[in-house]
Amino acid sequence: MDLLIFRAPILMVQASMDGILLGILFALIAYGMALQWGVMSIINIAQGELVIMGGYIAYFMYTAGIHPAFGVIVSPIIMFFVGLLLYKTVINRIVDRDLFVSILATFGISILAQQLMNIIFGADVVVAQSGFGTTLLFDNSVTLPNAKIFSAVVSVIFSIILVIYMKKSKLGRAIRATAQNARAAKILGVDTDKVYSAIFGINAALCGIAGALIAITFTLHPYIGLPYTIRSFMIVIVAGLGNLPGVALSGMGLGVFEEFADYILGTEFRIGATFLLLVLILVYKRFKLSRKREYLI
């Protein structure tokens, strides 16, 4: 265990800024999971795999000689239709089923997606070089990759677009009505099946954006999706369903936690620390619920 970070304030600044930029990207992924979970009561275990699929689209563009940054435009379009396909073939059959059924079904999608990506792209670790360079701050003491800054800015832009779309568009109003009471919305003429398919498509599109950003910021391989699923799940249960500002704050908090864990425990224990944090959060939530008082009137 290395506690040097606490003796060198500049390292704390470095870790905090890296974590905030990273957490903004995590929040973008979690938005889609929060939307699905809140409206459809589905926990999507394949969330991370959708992110990695979006990343491979950007990587394919990179190998074809196209700058991978254009993946933030192309990847969400392709992934939107992938999401619609998944909904029409699998998800529409389990929308009204038990939550555990949705976990099993999306876990199966996760395994299938991993194997397909392995067959198509191989198991090698890859990255799409953006060539964005770095930004130096505080007399060159803090180094921030411009790819991370670009990822954070793009994530914020698309998050704002999503919020505005949900508030102003007809489909957005239908989604919010369905989230409040699906049965009442259906009686009032809302096509809930169309709403559900749109939600799954929007979630996949957000994953496509995040995946393209991950491709130019971090590394890709077919089996790296699970940590992104766990991060999204953790952010949502901390922030609560429908709390988009809370999702943003929770995402940034998780990013900072991971960076500090990286400095203190080492990179090899970074994901392990995240899983441990999830266990602690679930134990705390269970303890909190067990102490909740109920009054019978």
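Being a predicted model, the structure only gives us computed values, none of them experimental.
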Locate the shortest heavy-atom distance separating H221 from D124; write the atom from each residue and the value. CB-O, 3.8 Å
Within a 6.0 Å radius of atom CZ on F60, are there more than 12 heavy atoms belonging to other residues, nucleotides or ligands? no
Could you tell me which non-hydrogen atom of T217 sits nearest to which non-hydrogen atom of S151, and how far apart they are? OG1-OG, 2.8 Å
Which residues pass the side chain to side chain contact (heavy atoms under 4.5 Å, CB included) test with I45, sequence neighbours left out? I43, I103, T106, F107
Applying side chain to side chain contact (heavy atoms under 4.5 Å, CB included) to V142 and not counting sequence neighbours gives I10, V13, Q14, M17, L137, F138, L144
Flag yes if more than 12 heavy atoms outside D139 fall under 6.0 Å of its CG atom; otherwise flag no. no
Atom CD1 of I157 and atom CG of L162: how far apart are they, to the nearest 0.5 Å? 14.0 Å
Taking the side chain from T219 and the backbone from V125, do they hold a donor-acceptor pair closer than 3.5 Å? no
Where is the tightest heavy-atom contact between A198 and F80, given as atom of each residue plus distance? O-CE1, 4.3 Å
I271 versus P227, closest heavy-atom pair with distance: CD1-CB, 4.1 Å
One pair to check against side-chain contact (heavy atoms from CB on, under 4.5 Å): I29 and R231. What are the steps and the verdict? CA-CA 9 Å; I29 304 172; R231 287 162 175 150; over 6 Å; no
Student check: side-chain heavy atoms of K148 and F218 closer than 4.5 Å: yes
Do T229 and Q47 have side-chain atoms, one donor and one acceptor, less than 3.5 Å apart? no
Where is the tightest heavy-atom contact between A210 and V51, given as atom of each residue plus distance? C-CG1, 4.3 Å
Separation of Y223 OH from E49 CD (nearest 0.5 Å): 10.5 Å
Could you give the distance from CD1 (I216) to OH (Y62), rounded to the nearest 0.5 Å? 11.5 Å
Between CD1 on residue I237 and OG on residue S232, distance to nearest 0.5 Å: 11.5 Å
Could you measure the distance from the CG atom of L99 to the CH2 atom of W37? Nearest 0.5 Å is fine. 7.5 Å
Please lay out, stage by stage, how L171 and Y165 fare under the test side-chain contact (heavy atoms from CB on, under 4.5 Å). CA-CA 8 Å; L171 178 59; Y165 181 80; 3.3 Å; yes
Using side-chain contact (heavy atoms from CB on, under 4.5 Å), reason through L22 and D18 one step at a time and then give a plain yes or no. CA-CA 6 Å; L22 179 62; D18 278 332; over 6 Å; no
Pairwise side-chain contact, Y228 with I214, heavy-atom cut-off 4.5 Å (strictly under): yes
To the nearest 0.5 Å, what is the distance between CD1 on I209 and CD1 on I161? 8.0 Å
Compare all side-chain heavy atoms of M40 with those of I91 and state whether any distance is below 4.5 angstrom. yes
Tell me if the CZ atom of F269 is crowded by more than 12 foreign heavy atoms within 6.0 Å. no
What do the steps show when you test F132 against I149 for side-chain contact (heavy atoms from CB on, under 4.5 Å), and what is the final call? CA-CA 10 Å; F132 283 156; I149 298 174; over 6 Å; no
Please tabulate, for the side chains in residues 182-190, all donor-acceptor contacts under 3.5 angstrom to protein atoms that are two or more places apart in sequence or on a different chain.
none

Spell out, as yes or no, whether a donor-acceptor pair under 3.5 Å connects the side chain of R176 to the backbone of M166. yes
Between Y59 and Y56, how do the two ring planes meet: parallel, tilted or perpendicular, split at 30° and 60°? perpendicular
Contact summary for I235 and G251, nearest pair of heavy atoms: CD1-CA, 3.6 Å
